[in-house]
Amino acid sequence: CDQGYEVSLETGGAISVAGVDPRVVKVLDLKTPASGEMERNDYDNIALLEERDQVKFVNCDRRDYEWARVKLVDYQHCDRVSDVLFSPSHGQLDGRELAQWILEDRLQVRMQLQMHKLLWNDEPGH
């Protein structure tokens, strides 16, 4: 940040982001039920998010999607941060199916694909 770079930190949210430089854009990945890591979510991090930060949900199935929809309402994510991102879990949920659900429900979220898995098959070092 001191050198003028725009820095973003993508975090699984299991560790507090309280000490993160305020110039850093935080991308908080809330773990969904099917991820097997949901119990690691530190929901106290949500109160630490700034307007330019982002919240991400990687959805493995319809149950994850419904859970994420509830979290959008519970925490008013769409009103608190710059972007809410929904991604289909690579190899588990078809992107077209997730896109259809988002459109049907008129969710104010951005859909993104896990590019690192598409481009490099999630190989280490990429």
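Counting begins at 1 with the first residue of the sequence.
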J.: Please check this pair: side chain of Arg80 against backbone of Ile46, looking for a donor-acceptor N/O pair closer than 3.5 Å.
T.: yes

J.: Taking atom CD of Glu6 as the centre, report whether more than 12 heavy atoms of other residues, nucleotides or ligands fall under 6.0 Å from it.
T.: no

J.: Verify the cluster assignment for Val70 and Ile102: are they in a single hydrophobic cluster under the rule of side-chain heavy atoms below 4.5 Å apart?
T.: no

J.: What is the distance from atom CG of Leu113 to atom CZ of Phe86, rounded to the nearest 0.5 Å?
T.: 14.5 Å

J.: With hydrophobic residues grouped by side-chain heavy-atom distances under 4.5 Å, do Leu9 and Val25 end up in a single group?
T.: no

J.: Under the salt bridge (charged side-chain N to carboxylate O under 4.0 Å, His left out) criterion, do Asp2 and Arg23 qualify, and how do the steps go?
T.: CA-CA 9 Å; Asp2 290 342; Arg23 298 172 292 177; 2.8 Å; yes

J.: Under the 3.5 angstrom rule, does the side chain of Asp83 hit a backbone N or O of Leu85 as a donor-acceptor pair?
T.: no

J.: Examine distances only and state if a side-chain atom of Thr32 and a backbone atom of Asn59 form a donor-acceptor pair shorter than 3.5 Å.
T.: no

J.: With Asn45, which of Leu30, Val17, Thr11, Ile15 fulfils side chain to side chain contact (heavy atoms under 4.5 Å, CB included)?
T.: Val17

J.: To check you understand the geometry: which heavy-atom pair defines the closest contact between Cys60 and Ser35, and what is its length?
T.: SG-N, 4.3 Å

J.: How are the rings of Tyr43 and Tyr75 set to each other: parallel, tilted or perpendicular (split at 30° and 60°)?
T.: parallel

J.: Using every non-hydrogen atom in the two residues, find where Asp42 and Ala14 come nearest and quote the distance to one decimal.
T.: CB-O, 4.2 Å

J.: Could you tell me the separation between the CD atom of Glu10 and the NZ atom of Lys56, rounded to the nearest 0.5 Å?
T.: 3.5 Å

J.: Linking I/L/V/M/F/W/Y whenever their side-chain heavy atoms sit closer than 4.5 Å, directly or via other members, would Val55 and Leu48 fall into one cluster?
T.: no

J.: Write down the atom of Trp101, the atom of Tyr65, and the distance for their closest heavy-atom approach.
T.: O-OH, 3.0 Å

J.: Answer yes or no: is there a donor N or O on one side and an acceptor on the other, between the side chain of Asp61 and the main chain of Arg63, under 3.5 Å?
T.: yes

J.: For the backbone of Lys31 and the side chain of Asn41, can you confirm whether one donor and one acceptor N or O come within less than 3.5 Å of each other?
T.: yes

J.: Can you find a pair of side-chain heavy atoms, one from Val109 and one from Phe57, that are under 4.5 Å apart?
T.: no

J.: Roughly how far, to the nearest 0.5 Å, is the CG atom of Asp64 from the NZ atom of Lys71?
T.: 12.0 Å

J.: Are Val84 and Met38 connected in the hydrophobic side-chain network, where two residues link if heavy atoms are under 4.5 Å apart?
T.: yes

J.: What about Leu72 and Val27, same hydrophobic cluster or not, with Ile/Leu/Val/Met/Phe/Trp/Tyr joined at side-chain heavy-atom distances under 4.5 Å?
T.: no

J.: Between Glu66 and Arg69, does at least one N-O distance fall below 4.0 Å, as a salt bridge requires?
T.: yes

J.: Answer yes or no: does atom CD of Gln108 have more than 12 heavy-atom neighbours from other residues, nucleotides or ligands under 6.0 Å?
T.: no

J.: Strictly below 4.0 Å, N to O, side chains only: are Arg96 and Asp94 in salt-bridge contact?
T.: yes

J.: Rounded to the nearest 0.5 Å, how far apart are CD of Glu51 and CG of Asp53?
T.: 10.0 Å

J.: Kindly compute the distance separating OG (Ser87) from CG (Leu98), expressed to the nearest 0.5 Å.
T.: 8.0 Å

J.: Check this for me: Arg62, atom CZ, are more than 12 non-hydrogen atoms of other residues, nucleotides or ligands nearer than 6.0 Å?
T.: yes

